[in-house]
Visitor: 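I am attaching a structure below and will ask some questions about it afterwards.
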Amino acid sequence: MPELPEVQTVLDTLACQMGHPVIEQIEVIWDNIVHGDTQAFIAGLQGRRIEQYARLGKYLCFDCGEVMWIAHLRMEGKFYLQQPQEPYDQKHVHVIFHLDDGRQLRYHDTRKFGRMYLYEHQEDLHAYPCFANVGLDAFDERLTADVLYRRLHGRSITLKQALLDQSVIAGVGNIYADEICFALRLHPQTRVSRMRKKDFEALITEMRRILGGAVRAGGTTIRSYTSSLGVDGRFQLQLRVHAKKGERCPLCGEPIKKITVGGRGTYYCERCQKRR
DNA sequence: TATACCTCCTGCAAGC
DNA sequence: TGCTTGCAGGAGGTAT
């Protein structure tokens, strides 16, 4: 599942390989991918040039001048930049963008969970309705230990749930939440109400260290997610606990355990990660 | 207001 | 071997 590093990799690759084309024509094969009225989406985006690329959390943002096209890949969404004659998986390609350079940008999504939005341009990225419940990006300088402490102090949720809550931190998903908990030596079921300010300082530091490393590695390639555009990530080689049930903890040798926290599969080391 | 649960959707693995 | 069932996941909506 694409999280912040994978989305950043997709964005960088698209910006590099696609440039600034005009979207001449759009075919929407599966309506539910488009939020709201599909015909309005097509009419609003057709004829626009992609001028800039941006990202907020796990959302891809394509600045098309008067309109902003926003996409969320959810579980398995991928973009493929291909020539029209290249064959494609018709069952799983749900939107095709015909570009003025003759190529096609094809949106592929096995589970059809992805969503696309189109809005009139706003100055502030956070002003778009789809970001109403999206907090500060993990790399946003305004996201500090103080902000997290104020936001989470007194709440009864666990550390893992807080990391996955996009209204708290935008960009962290299941894989990196496990890795951050491990780096903090905290059990994923630790109550955030029991965390001190210095714990949030460490959280910010470790989160940015891990996500930054993953961005530099091109993200994580696992069974349910491989990057599009011929780019595969290498961060899975650096994962320490996620999806390693039964394997030895890299620090103490204890077998990694798997539990469910907040409805999500969660991997941790019982000996190294203390619960509070 | 905060939290829990359900829904969307499909591939895969396990069990029969 | 082939069928059925349950699980996995992110985010939005609804219920408590």
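Numbered from 1 within each chain, the chains take letters A, B, ... in sequence-line order. Given the structure is predicted, the values throughout are model-derived calculations rather than measurements.
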Visitor: Where does the angle between the aromatic ring planes of A:Tyr128 and A:His121 fall among parallel (under 30°), tilted (30 to 60°) and perpendicular (over 60°)?
Guide: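 Because their plane-to-plane angle is over 60°, the rings of A:Tyr128 and A:His121 count as perpendicular.
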Visitor: Below 6.0 angstrom between ring centroids: does that apply to A:Phe131 and A:Tyr59?
Guide: yes
Visitor: Check every atom of C:dG12, C:dG9, B:dG11 against the side chain of A:Arg111 and return the nucleotide holding the closest atom.
Guide: C:dG9
Visitor: When you measure from the side-chain N and O atoms of A:His35 to the phosphate of C:dG12, is any distance below 4.0 Å, counting only OP1 and OP2?
Guide: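 Looking at the OP1 and OP2 atoms of C:dG12, neither is under 4.0 Å from any side-chain N or O of A:His35.
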Visitor: Specify the separation, in whole Å, of atom CG of A:Leu56 and atom P of C:dG10.
Guide: 17 Å
Visitor: As a test of reading the structure: which of C:dG9, B:dT3, B:dG11 is closest to the side chain of A:Thr110, going by heavy atoms?
Guide: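 The answer is B:dG11.
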Visitor: Look at the side-chain N and O atoms of A:Lys58 and state whether any lies under 4.0 Å from the OP1 or OP2 oxygen of C:dA11.
Guide: yes
Visitor: If you compare every side-chain N and O of A:Ser156 against the phosphate oxygens of B:dT3 (OP1, OP2), does one of them come in below 4.0 Å?
Guide: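 The answer is yes; a side-chain N or O of A:Ser156 sits under 4.0 Å from OP1 or OP2.
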Visitor: If you compare every side-chain N and O of A:Asn174 against the phosphate oxygens of C:dG10 (OP1, OP2), does one of them come in below 4.0 Å?
Guide: no
Visitor: Classify the ring geometry of A:Phe62 against A:Tyr53: parallel below 30°, tilted from 30° to 60°, perpendicular beyond 60°.
Guide: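 A:Phe62 and A:Tyr53: perpendicular rings.
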Visitor: Using the six-membered ring wherever Trp is involved, compare the ring planes of A:Phe79 and A:Trp69 and label them parallel, tilted or perpendicular (cut-offs 30° and 60°).
Guide: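 Ring orientation, 0 to 90° scale: perpendicular.
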Visitor: Does the ring of A:Phe113 meet both stacking tests against the six-membered base ring of C:dA11: centre distance under 5.5 Å and plane angle under 30°?
Guide: no
Visitor: Hey, can you tell me if A:Tyr117 and A:His35 have their rings parallel, tilted or perpendicular (30° and 60° cut-offs)?
Guide: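 Aromatic pair A:Tyr117/A:His35 classed tilted.
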Visitor: Figure out the CD/C1' separation between A:Glu76 and C:dC7, and round it to whole Å.
Guide: 13 Å
Visitor: Strictly below 4.0 Å: does A:Arg264 bring a side-chain N or O up to OP1 or OP2 of C:dG9?
Guide: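 For C:dG9, neither OP1 nor OP2 has a side-chain N or O of A:Arg264 closer than 4.0 Å.
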Visitor: Taking the minimum atom-to-atom distance to the side chain of A:Met75, which one of C:dG10, C:dA11, B:dT3 wins?
Guide: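 The answer is C:dG10, which lies nearest to the side chain.
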Visitor: Taking OP1 and OP2 of C:dG10, is either one under 4.0 Å from a side-chain nitrogen or oxygen of A:His72?
Guide: no
Visitor: Could you work out which one of B:dA4, C:dG12, B:dT10 sits closest to the side chain of A:Gln161?
Guide: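 Ranking B:dA4, C:dG12, B:dT10 by closest atom to the A:Gln161 side chain puts B:dA4 first.
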Visitor: Look at the side-chain N and O atoms of A:Lys112 and state whether any lies under 4.0 Å from the OP1 or OP2 oxygen of B:dT10.
Guide: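 For B:dT10, OP1 or OP2 has a side-chain N or O of A:Lys112 closer than 4.0 Å.
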Visitor: Ignoring hydrogens and geometry beyond distance, is the side chain of A:Arg115 in donor-acceptor contact with the base of C:dG12 at under 3.5 Å?
Guide: no
Visitor: Report the nucleotide, chosen from B:dT3, B:dC9, C:dG12, that has the shortest atom-to-atom distance to any side-chain atom of A:Asn32.
Guide: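 Within the option list, the nearest is B:dC9.
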